[in-house]
S.K.: 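Quick one: this structure, given as structure tokens, is what I'll be asking you about.
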Amino acid sequence: MASLADALPATRLTPRPRRPAVSPIAWLVGPALLLFVIFFVLPFAVMAVLSLLSGNPAQNPNVYLTSRHYVRFAGDDLYWDALWSTLRIGIVTTLASLLVGYPLAHWMARMKSRLGHALLLMAVIAPMLTGIVVRTFAWMTILQDKGVINTTLIGLGLIEKPLPLMYNEFGTVVALVHIYVPFMVLTLTGVIGRIDERLEQAARNLGASRLRAFAEVTLPLSLPGIFAGSLLVFALSISAYVTPFLMGGTNVLTLPMLIYQQVSSSFNLGFAGALGVILLAVSLLVVIAYNHVLARFSGPEGLT
Amino acid sequence: MTDHSLPASADIRLEGVSKSFDGKVKAVDDVSLAIAPGEFFSLLGPSGCGKTTSLRMIAGFEAPDAGRIRVGGADITDVPVHKRDMGMVFQSYALFPHRTVAENVAFGLRMRSLPREEIRRRVAAALKQVALDGYEDRRPGQLSGGQQQRVALARAIVIRPPVLLCDEPLGALDRKLRQSMQFELKQLQKELGVTLVFVTHDQEEALAMSDRIAVMNAGRVEQVGAPAEIYDRPRTRFVADFIGEINLFDGTWDGGRFIAGDGRSLPATMNGARPGAGAVAVRPEKARIVAPGEGAVAGRIESANFLGGQVLYRIAASGDRHMLAKETNMGAAARPVGTEVGLLWNEADAVVLEG
Ligand SMILES: Nc1ncnc2c1ncn2[C@@H]1O[C@H](COP(=O)(O)OP(=O)(O)OP(=O)(O)O)[C@@H](O)[C@H]1O
Ligand SMILES: [Mg+2]
């Protein structure tokens, strides 16, 4: 399983001797580069430009530069709350996916039986074959006031009123973790699988208990995987729209929901653009901070 | 290292130890060994004969299916790995890639919660012992194979274990480096007085370094003895064949004389062999090349391999047999290929094999 961590700058590159001419390999990167520009750089640039204009230049030629979309954001607590809510959901989902995914990934990576490994891999990947909407609806039938959990608990007489499991951030996070944990598991399995088991044995031989050996050796060596997996889950969950919409009901408002509103009902592309830029900027800051925290754990040269 | 006494070395006893994987082939089959304190003891045998498995059972990574393991008199069969207090050098070194050389060496001391200052001092001393002072802040990835090997050694001995286990520690080194490391390892082992169990499939290495060798075959111990004993007095056909080159003769013992398959009587003394079918073996350097009529066997020189100090002759005898004889290189007096010769040896130099 070629892990996603491979693609990240976290792995140190060994310097190669410089070639005089452009390598033919470089041409192969061309299409990817083109796609990257068309589908990422260009839309983002359009979004950033729109966020600084008074209107849509395609409809109204008399637009002028303005910071009013950002001023609007800064002046209204509703938007700040939406931003915090988005980040909170992203961070909690990421940490929960890590807690759920790491043991699973470790188990999978260290599994001797090939059949067992294949079955586990299927179990991890299979849910991804079902659409997000379907999986979210499944969670709704479980977490609703009249859902499986609440009716069971009430039936057993353990509670009188249904627990608030849905239409809040809790329900949103539960569903998001379920949907995105495979990304965490697959990324981590690749990284943990490449850590030599004998390193942990050497640590135990030198007097470390199993747990200590794990904490001293396997955990720090899997930090690049933790970072890559977290990045993936965080990025996916702060940009999720369907799940927060269905699971959060009217109680959860995230930036992607706001952006959708601005685009589809308010037709305010400028403000939508500003929200997008703010979401991207803030999540970049979170990612950088996270990288620093992990780097501290792994020592000076552990990560980058 | 003057600030402490030598670590007390311990004896190791394996008593009827067996281990099979997945309930199938026995990787280790009823092995009993008594290794003396401070001894350099080698486990030697072909690939897959159970050397690593034996070592891993001593270290505690595998639990034996049957039998007990004692170290220093105490039964450690059920003691977990991290409480066994043994040094180990892994085949691929297993250095922690995310830690510096100093941190690697300090690891075992840190696990023992020693004071910082003592850790620093002992790490420095251990690195000095393996001639790696000045490399403290490097990462394992920035070291050569030989240097990594030494870090692994320092990491194992710094905890002053009574027992040191090495699984083909020199396997990845080139020949020259290997020989100098053999010498250094042996030196260090004597200096520390530690009991060393050394796994290798290289017979020259085992012969050169060990106090005693256990030759293993298919999970069993074939013979235990000092290098000279193993080489000069192999007991079984397997040991004779595995260690060095040897000429094997099948035949029968008949009234105190050994009669080869072709009916000739060969020089050999029966000492203890059972009458009936048997085998004797003669080392190439014990076989003298003589005139065709005077030898116990006769043949024609088929090839001469120049080995530097010696020449190894391959001699074609009757019945599609080949024999080997080694002579000191005498320069111009080398024997030409095609010469008819005879081979002769002293009765005492013919090794009587069991079965
Ligand atoms: N973890 C394991 N699972 C299954 N079989 C194993 C395991 N470890 C060893 N074996 C088997 O046990 C036998 C002995 O293996 P062992 O590693 O002890 O051999 P060895 O003497 O060290 O060989 P080598 O010189 O190649 O390292 C082999 O047949 C091997 O396939
Ligand atoms: Mg081995």
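So that the names make sense, note that chain A is the first sequence line, chain B the second, and so on, each numbered from 1. For clarity, every value in this text was computed on a predicted model and none was experimentally measured.
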S.K.: What residue in A/Arg204, A/Arg210, A/Glu200 has the most heavy-atom pairs under 4.5 Å with chain B?
M.R.: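 So the answer, after comparing A/Arg204, A/Arg210, A/Glu200, is A/Arg204.
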
S.K.: For B/Leu165, is it the side chain, the backbone, both, or neither that has a heavy atom closer than 4.5 Å to a heavy atom of chain A?
M.R.: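 For B/Leu165, there is no contact with chain A at all, as no heavy atom is under 4.5 Å.
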
S.K.: Would a line drawn from the ring center of B/Phe90 to the ring center of B/Phe96 be shorter than 6.0 Å?
M.R.: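 No, ring centres 6.0 Å or more apart.
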
S.K.: Going by the side chain to side chain contact (heavy atoms under 4.5 Å, CB included) test, name the single residue among B/Glu168, B/Gln91, B/Glu62, B/Met88 that passes it with B/Leu55.
M.R.: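 So the option named by the test is B/Met88.
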
S.K.: Is B/Asp65 salt-bridged to B/Lys26, cutoff N-O under 4.0 Å?
M.R.: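 Looking at B/Lys26 together with B/Asp65, the answer is no, because their closest N to O distance does not fall below 4.0 Å.
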
S.K.: Counting only heavy atoms closer than 4.5 Å, note whether B/Arg155 contacts chain A via side chain, backbone, both or neither.
M.R.: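 For B/Arg155, heavy atoms of backbone and side chain both lie under 4.5 Å from chain A.
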
S.K.: Among B/Arg84, B/Glu103, B/Arg112, which residue forms the greatest number of heavy-atom pairs with chain A at distances under 4.5 Å?
M.R.: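 Top count of heavy-atom pairs under 4.5 Å with chain A: B/Arg112.
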
S.K.: What part of A/Asn205 gets closer than 4.5 Å to chain B, counting heavy atoms only: side chain, backbone, both or neither?
M.R.: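 Contact with chain B: backbone and side chain both.
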
S.K.: Do B/Thr77 and B/Asp75 have a side chain donor and acceptor closer than 3.5 Å?
M.R.: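 Yes.
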
S.K.: So how far is it from B/Leu43 CG to B/Ser210 OG, rounded to the nearest 0.5 Å?
M.R.: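 The CG atom of B/Leu43 sits 9.5 Å away from the OG atom of B/Ser210.
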
S.K.: For A/Ala213, which atoms come within 4.5 Å of any heavy atom of chain B: side chain, backbone, both, or neither?
M.R.: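 Interface part for A/Ala213: neither.
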
